[in-house]
Amino acid sequence: MNRSINTESSQTARLSSTSKRQRDGPSHTGAFGTRTGDSDLVFLEGILPESDEEVLNDLSIEEQASTCFDRLEAVLSARGLDLTNVMKVEMQLTDLADRAVIDDVYQDRFDGTYPPRTTIGVCSLPGDAAVQFDVIAAEE
């Protein structure tokens, strides 16, 4: 039996909807959303070690991670949240050997109740950063 599939009709275009706000800043490539939909969950992605729209890639991994946490806290604070609202953290590292340093920074930022964390090794990050966070927080 010869079955043919019409690939044109089976492909669906995936465009960003207007409800997704895109990351501010003209120097960024890619579409990093900062929040999607209406719920008590807040999805944050692409949190890089930045200051004044410049990726601080010349800092140590510890300083880059601390800067990411500073940025995360600022974004959460703008929504009336803090680190206690964080439900999950995904960290992307360009060198997994830096995980021990990241562990220390992570432990320093939370009060002993640590949200689940996934650490992923990646080849590169925007702006040649060594670390980037994606975070899920809950408005409770």
Side-chain angles (χ1 to χ4, degrees):
M1 177 191 292
N2 184 4
R3 294 183 186 191
S4 65
I5 298 174
N6 182 349
T7 58
E8 285 184 36
S9 64
S10 65
Q11 292 179 350
T12 303
R14 294 185 178 220
L15 303 175
S16 294
S17 70
T18 56
S19 67
K20 293 183 179 178
R21 293 181 287 179
Q22 300 302 314
R23 185 172 185 178
D24 293 331
S27 63
H28 298 291
T29 58
F32 293 103
T34 56
R35 186 171 180 166
T36 305
D38 294 321
S39 79
D40 61 346
L41 295 177
V42 178
F43 296 87
L44 304 166
E45 65 179 359
I47 298 175
L48 292 163
E50 291 178 290
S51 179
D52 298 323
E53 295 189 26
E54 179 185 344
V55 176
L56 306 175
N57 58 17
D58 57 339
L59 299 177
S60 70
I61 186 64
E62 182 178 17
E63 293 168 318
Q64 286 191 44
S66 290
T67 302
C68 288
F69 270 114
D70 292 345
R71 292 197 63 240
L72 172 61
E73 288 183 286
V75 171
L76 291 171
S77 178
R79 298 187 190 310
L81 305 173
D82 59 32
L83 290 178
T84 63
N85 297 98
V86 173
M87 303 303 291
K88 181 166 188 335
V89 178
E90 177 182 292
M91 294 183 176
Q92 296 107 32
L93 297 175
T94 57
D95 186 352
L96 284 175
D98 292 331
R99 186 173 175 156
V101 173
I102 294 293
D103 287 344
D104 291 339
V105 175
Y106 195 79
Q107 289 174 353
D108 287 344
R109 290 299 180 122
F110 292 98
D111 63 2
T113 304
Y114 308 111
R117 183 187 82 194
T118 303
T119 305
I120 299 172
V122 296
C123 294
S124 66
L125 290 167
D128 291 325
V131 62
Q132 173 177 271
F133 294 177
D134 292 344
V135 175
I136 301 171
E139 295 175 349
E140 296 181 324

Handout entry: Pairs involving residues 78-107, ordered by first then second residue, that meet ring-ring contact (aromatic ring centres under 6.0 Å, His included) (sequence neighbours left out)
Key =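 Checked against ring-ring contact (aromatic ring centres under 6.0 Å, His included) - neighbours excluded - the pairs reaching residues 78-107 are Tyr106-Phe110.
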Handout entry: ring-ring contact (aromatic ring centres under 6.0 Å, His included) pairs, two or more places apart, involving residues 112-139
Key = Phe69-Phe133
Handout entry: Co-membership, hydrophobic cluster, residues Val105 and Leu59, 4.5 Å side-chain
Key = no
Practice task
Answer with yes or no whether the hydrophobic clustering places Ile120 together with Ile102; edges join I, L, V, M, F, W, Y residues whose side-chain heavy atoms lie under 4.5 Å apart.
Solution key: no
Exercise for the section: Measure across Pro49 and Val131 and return the closest heavy-atom pair with its distance rounded to 0.1 Å. Expected result: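 That closest heavy-atom pairing would be CD-O, 3.3 Å.
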Practice task
Mind listing the closest non-hydrogen atom pair of Ala130 and Ile61 along with its distance?
Solution key: CB-CD1, 3.6 Å
What distance separates [X] [atom1] from [Y] [atom2], expressed to the nearest 0.5 Å?
X     : Y     : atom1 : atom2 : result
Leu76 : Ile47 : CG    : CD1   : 7.0 Å
Leu72 : Leu83 : CG    : CG    : 5.5 Å
Glu54 : Leu56 : CD    : CG    : 6.0 Å

Exercise for the section: With sequence neighbours excluded, tell me which residues meet side-chain contact (heavy atoms from CB on, under 4.5 Å) with Ser77. Expected result: none
Practice task
Compute whether any side-chain donor of one residue and acceptor of the other, for Ser60 and Glu63, lie under 3.5 angstrom apart.
Solution key: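 Yes, side-chain donor-acceptor contact under 3.5 Å.
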Exercise for the section: Answer yes when Arg71 and Glu50 have at least one side-chain N-carboxylate O distance shorter than 4.0 Å, and no when they do not. Expected result: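 Salt bridge between Arg71 and Glu50, a charged N being under 4.0 Å from a carboxylate O: yes.
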Without placing hydrogens or testing angles, list every side-chain donor-acceptor pair under 3.5 Å for residues 85-93, not counting sequence neighbours.
residue: Asn85; atom: OD1; partner: Asp82; partner atom: N; Å: 3.0
residue: Asn85; atom: ND2; partner: Ala138; partner atom: O; Å: 3.1
residue: Lys88; atom: NZ; partner: Thr118; partner atom: OG1; Å: 2.7
residue: Glu90; atom: OE2; partner: Gln92; partner atom: NE2; Å: 2.4
residue: Gln92; atom: OE1; partner: Gln132; partner atom: NE2; Å: 2.6
residue: Gln92; atom: NE2; partner: Asp134; partner atom: OD2; Å: 3.1

Exercise for the section: Compare all side-chain heavy atoms of Thr94 with those of Leu125 and state whether any distance is below 4.5 angstrom. Expected result: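 Thr94 reaches Leu125 side chain to side chain.
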Practice task
May I ask you to decide if Gly127's main-chain N or O and Asn57's side chain share a donor-acceptor pair within less than 3.5 Å?
Solution key: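 At least one qualifying donor-acceptor pair exists.
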Practice task
Show your reasoning for whether side-chain contact (heavy atoms from CB on, under 4.5 Å) applies to Leu96 and Thr119.
Solution key: CA-CA 8 Å; Leu96 284 175; Thr119 305; 3.9 Å; yes
Exercise for the section: State which residues pass side-chain hydrogen bond (donor to acceptor under 3.5 Å, both in side chains) with Arg99; sequence neighbours excluded, sorted by chain then number. Expected result: none
Problem - Residue pairs fulfilling salt bridge (charged side-chain N to carboxylate O under 4.0 Å, His left out) with at least one residue in residues 104-114, sequence neighbours excluded - result: Asp70-Arg109, Glu73-Arg109
